[in-house]
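Worksheet: one structure, shown below.
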Amino acid sequence: MAIFVYAENINGVYKKAAFEAVAYAKSIAENAGDSVTAISVNPTDSSDLLYKYGAEKVINIKDEGLKNFSAKAFAQAVNEVFEGKIIVFPHTTDASSVAPMLSILKNYSLITNVLETPENLSPFQVKRKAFSGKGFMHAKSETEGVILTVSQNSFGAKENPVSGTEEIKNLSVSNDDTKVLSHEQSTGKLDLKEAEIVVSAGRGMKAAENWGMIEDLANVLGAATACSKPVSDIGWRPHSEHVGQTGKAIAPNLYVAVGISGAIQHLAGVNSSKTIVVINNDPEAPFFKSADYGVVGDAFQIIPALTEKIKALKGA
Ligand SMILES: Cc1cc2nc3c(=O)[nH]c(=O)nc-3n(C[C@H](O)[C@H](O)[C@H](O)COP(=O)(O)OP(=O)(O)OC[C@H]3O[C@@H](n4cnc5c(N)ncnc54)[C@H](O)[C@@H]3O)c2cc1C
């Protein structure tokens, strides 16, 4: 029986996390001697992108009624085509709200934020992240099937090219519970959750008008900008940039934290980043304990100098 995976797209374009979920599903399929079937709703991207990560089959749901996201309607659509015992979702905002709805529809257990390939397939057992990344847990499924969400950047989008086939499934799922009245674009040029590099700043920047240097550094690095909670609470930055336990959880390849103390609630949203660079003038700042690289010094001197250095390197 195939291992299924939900390949999330935004406006038809596959998310990076979808490729990681396909790669994760492929690793389970290889252990189980199975194949991978990916499900996507109204994609415009080519299925070739999913074959590249190991999906032998792609089921493209076409449904005009699902142009706007609704967790309930998307779960119903996935339920129409999912015929297996295991389905993998990326742990993104939208996908991690579809997964529990599907778990109810199927009466399958739900294991979120998985970090590694399963320890056992029957019964299904896997390591997962717990307590906002401060601990781990080994979870065992006791139902006939299991629904998983993969913690972003935990497994990696490993390529495993196969030749695949595509099936179009026309559906018309009811999506009447919520009406979208208007769309509001967040100010950042890059999607914070998808960005490979994030430059983030905190109260150490002293005032909203000092953010120009943070944006300059982000621009030269091709990074998205983020901030700590108090910064968005004061109104120095928009709430869409707030990361942490009560903000967005992100897992970029590089997280640069400027003038942020590293409170546990902040770390909860960023500690899955691959590499963390901390710039802070207090050598005792707690963030240094979680840093891969630390710079002790005044951000107002370091950030412009760093930006110039990177510009020079890029120009060379
Ligand atoms: C229930 C709850 C939920 C929370 N959720 C979140 C959350 O989701 N995200 C979040 O961020 N916080 C959250 N918080 C708040 C959190 O506890 C901290 O208060 C907050 O993260 C601190 O923000 P900060 O690091 O920007 O500010 P501060 O703690 O004031 O730290 C500023 C840092 O800047 C440094 N600094 C000062 N001047 C300079 C300079 N010139 N150069 C370099 N460094 C300098 C200082 O040494 C200091 O380390 C939450 C709190 C609670 C109680």
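One-based numbering, in listed order, for ligands and for the atoms of each.
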ask   = OG of S40 to NZ of K62: how many Å apart, nearest 0.5 Å?
value = 8.5 Å
task = Report the nearest protein non-hydrogen atom to atom 26 (O) of ligand 1: residue, atom name, distance rounded to 0.1 Å.
result = S228 OG, 2.6 Å
message = Assess, by modelled atom type and distance only, whether the side chains of E116 and S154 contain a donor and an acceptor separated by less than 3.5 Å.
response = no
message = Quick check on atom 51 (C) of ligand 1 - does any protein heavy atom sit closer than 4.0 Å to it?
response = yes
query = For atom 43 (C) of ligand 1, which protein heavy atom lies nearest, and how many Å away is it?
reply = N281 N, 3.3 Å
query = Hey, are the side chains of H91 and F89 touching, using non-hydrogen atoms and a 4.5 Å cut-off?
reply = no
query = Looking only at side chains, do R203 and S228 share a donor and an acceptor under 3.5 Å apart?
reply = no
Heavy-atom proximity to atom 17 (O) of ligand 1, best of Q301, K206, Q265 = Q265
inquiry  = Can you tell me if V231 contacts ligand 1 (heavy atom of the residue under 4.0 Å from the ligand)?
reply    = no
message = For E119, is there an ion pair with K127 - N to carboxylate O distance below 4.0 angstrom?
response = no
query = Tell me, which protein residue and heavy-atom name are nearest atom 32 (C) of ligand 1, and how many Å apart are they?
reply = G259 O, 3.5 Å
inquiry  = I'd like to know if the side chain of K106 pairs up with that of T143 as donor and acceptor (distance under 3.5 Å, no hydrogens or angles considered).
reply    = no
task = Using a strict 4.0 Å threshold on nitrogen-to-oxygen distance, state whether E159 and K26 make a salt bridge.
result = no
request  = Would you indicate whether the side-chain heavy atoms of L148 and Y24 approach each other to under 4.5 Å?
outcome  = yes
task = Just need the protein heavy atom nearest to atom 11 (O) of ligand 1, so name the residue and atom and give the distance.
result = H266 ND1, 2.8 Å
request  = Could you tell me whether E194 and K16 make a salt bridge, using a distance below 4.0 angstrom between a side-chain N and a carboxylate O?
outcome  = no
key: Min heavy-atom dist V243 to ligand 1 below 4.0 Å   = yes
query = If you measure from atom 7 (C) of ligand 1 to every heavy atom of R203, K248, H242, which option wins on shortest distance?
reply = H242
query = Between the candidates G262, G297, S261, A263, which shows the shortest non-hydrogen contact distance to atom 31 (O) of ligand 1?
reply = S261
Nearest candidate to atom 49 (O) of ligand 1, where distance is taken over non-hydrogen atoms, out of V258, D282, N280, I260 = N280
key: A201 near ligand 1 by a heavy-atom separation under 4.0 Å   = no
query = Closest non-hydrogen protein atom to atom 42 (N) of ligand 1, residue and atom name please, with distance?
reply = A299 N, 2.9 Å
task = For S200 and Y255, test the side chains for any donor-to-acceptor distance below 3.5 angstrom and give the result as yes or no.
result = yes
note = To atom 23 (O) of ligand 1, the nearest of S200, P230, C227 on a heavy-atom basis is P230
request  = Verify the distance criterion only: is there a donor paired with an acceptor across the side chains of N107 and E144 at less than 3.5 Å?
outcome  = no
request  = Answer side chain, backbone, both or neither: which part of F287 comes under 4.0 Å from ligand 1, heavy atoms only.
outcome  = neither
message = I need the atoms of ligand 1 closer than 4.0 Å to a non-hydrogen atom of G202, numbered in the order shown.
response = 26 (O)
request  = Check each of K229, E284, M205 against atom 13 (C) of ligand 1 and report the one with the nearest heavy atom.
outcome  = K229
ask   = Between V296, D298, T246, V278, which one has a non-hydrogen atom sitting closest to atom 8 (O) of ligand 1?
value = T246
